[in-house]
Amino acid sequence: MAETQTGPVRVRIAPSPTGPIHIGNIHTALFNWLFARKQGGTFILRFEDTDQERSDRKWEELIYKEMRWLGLDWDEGPDVGGPYGPYRQSERLELYQKYAQELIDRGYAYYCYCTPEELEAERKAAEKAGQAYKYSRRCLHLTEAEKAQAEAKLREQGRRPVIRFRVPEGQILAWDDLIRGRIETASDTISDFVIMRGNGIPLYNFAVVVDDITMKITHVIRGEGHISNTPMQLLVYQALGAEVPAIGHIGHILGTDGKKLSKRNGDAYVGDYRDRGFLPEALFNFLALLGWTPPDGQEIQSRDNIIRTFDLERVGKSPAIFDLQKLEWMNGVYIRMLSREELLARCLPYLQQAGLVEENPSPEKREWIGRVVALEQERIRTLAEIVPATEYFFKTEITYDPKAVQKVLKPECRPHLEAALSLLEGITETNWTTETLEKLLDGYVNEHGLKRIEVFQPIRVAVTGRTASPPLFDTLAVLGPEKVRERMRYALEHLVPAA
RNA sequence: GCCGCCAUCGUCUAGGGGCCUAGGACAUCGCCCUUUCAAGGCGAAAACACGGGUUCGAAUCCCGUUGGCGGUACCA
């Protein structure tokens, strides 16, 4: 395998700007990017926007945004330019036309005047006969006169002929796949495929090859779905007399049902993960581990380390199911590694969007929010979880979990709550710290020979509305005397049944 | 139908003929820590799809079967 590649590595990712970028595409982009960065090569972004109906500049912008968010930067592309532009297929139309004409002139391609109806009929007939469909080639053998007549007829319908590639017979089309080894296909199984539409827009299998040749792509790394396209592309390289780049196909990423990832079986788009509070560094790490194993086997890998050790040799060939639970775990690990200031900065947008925090909090308020989120740092797995986890710090009126109230705020806790309240009322604002609080309440517990949980749990429920929270004294300390006392009074008045 | 790709614990995977009584991670379960929840520590359960070969020896090589996926477009 591995044709001796001389010169710098040039790889590309070529999404169609027809929607948000799919996780599978970003995974492929990541592997290309890693390969380029590891090899000191060039990573190119190109848009395959020949589907004029669905392509839109707004999707291009979104693709830029998602790629940047994940930290995948490109060296050449529609926005930054480069020596082999333009980087949008819609701006390269003359190029494809030129190459198509060349193929016709040299007998590698021919005009086809068949209508969709005629082709459909051929297809149906083949199916009925239990045969694999292949185009009949009736347009290949037309005389000049017949061609003129056919074209005239087509024009009447406002149509123009398409250009088909003439697939040679009896050839074995083969390449040494970078990650699967040798793959062969008989050219006889391939039908003469259309390379240009009547309107002058190229088709995928032709356009990619022209682009890859002219952009001097050295390595094509793409999803396994393209394996069956490769033989046709090989034919185009051959006809154009161009050198075939190294080609490798990585496995797809699947949803939990083993099907292509979609809204039905998980989130399919990069933006979904950002919105749900996944950190780009976590998603990057996780995605890298889908299909690739670091040599040291460690799961948590820094970006630099991944680049340094990335190797196509360690990329597997089977498809991988996207395991959200593992991503969540990994995201939790990354959240715990954040500094307090970073954590705050990352959580703030979620709190603001939820209406818990104002647009521009004062420095003092910011500092306080920092203390709030720090309490949840080792408890949340995604940034979005910070909202439900810390709600009660921000709201004036909190929601009490009925089950918690019923289970914990029983008549027998009343005396403890009352005693605790009066103790807390004796603390001055400046003395309201974790240490003081702990000393005071622990003192009460010991004095009366109680178990800590008997006193602490009722306070927790009274003050947070729930049975689970960060350590009680930290929670009380951050909550502040006012909210704590008020909620305890409220609980005593409305929630704890009389003894 | 035809062509092609893939196949190790539930999931991601290590493994490239003897080092495998098949290793790690997530998830699960148990124990410890503990004011709750987490985090952390320790431990358990859990896989080579099946059938033939090749070989002294196969998870590893070959063939077949089964299953999954992809293609079979004037989509990309």
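Numbers restart at 1 for each chain; the letters A, B, ... are given by sequence-line order, proteins then strands. Just so we're clear, the structure is a prediction, and the values are computed from it rather than from any experiment. The basis for the numbers below is simple: all heavy atoms, side chains too, and nothing from hydrogens, waters or symmetry mates.
Of the nucleotides present, B:U28 is the one that pairs with B:A44 by Watson-Crick or G-U wobble criteria, both distances under 3.5 Å. In this structure, B:C2 and B:G71 make a Watson-Crick or G-U wobble pair, each of the two defining distances being under 3.5 angstrom. Under the Watson-Crick or G-U wobble criterion, with both distances below 3.5 Å, B:U66 is paired with B:A7. Across all strands shown, B:A39 remains unpaired; no Watson-Crick or G-U wobble contact has both distances below 3.5 Å.
Between B:A73 and A:R164, no contact under 4.0 Å exists linking OP1 or OP2 to a side-chain N or O. Within the 4.0 Å cut-off from OP1 or OP2 of B:G70, not a single side-chain nitrogen or oxygen of A:S228 is found. Between A:T50 and the phosphate of B:A76, there is a side-chain N or O to OP1/OP2 separation shorter than 4.0 Å. Neither OP1 nor OP2 of B:U36 sits under 4.0 Å from any side-chain N or O of A:R452. Here A:K259 reaches the OP1 or OP2 of B:C69: one of its side-chain N or O atoms lies under 4.0 Å away. Taking side-chain N and O atoms only, A:R466 has no distance below 4.0 Å to OP1 or OP2 of B:U36.
Atom CZ of A:R12 is separated from atom P of B:A76 by 14 Å (rounded to the nearest Å). Atom pair A:Q131:CD and B:C2:P shows a separation of 11 Å (rounding to whole Å applied). Spacing between atom CE of A:M196 and atom P of B:A76 amounts to 12 Å, rounded to whole angstrom units. What separates CD of A:Q298 from P of B:C26 is a distance of 11 Å, to the nearest Å.
Between A:R222 and A:T230, the side chains place a donor N or O and an acceptor N or O closer than 3.5 Å (distance only, hydrogens not considered).
In this structure, the ring of A:Y273 has its center less than 6.0 angstrom from the ring center of A:F322.
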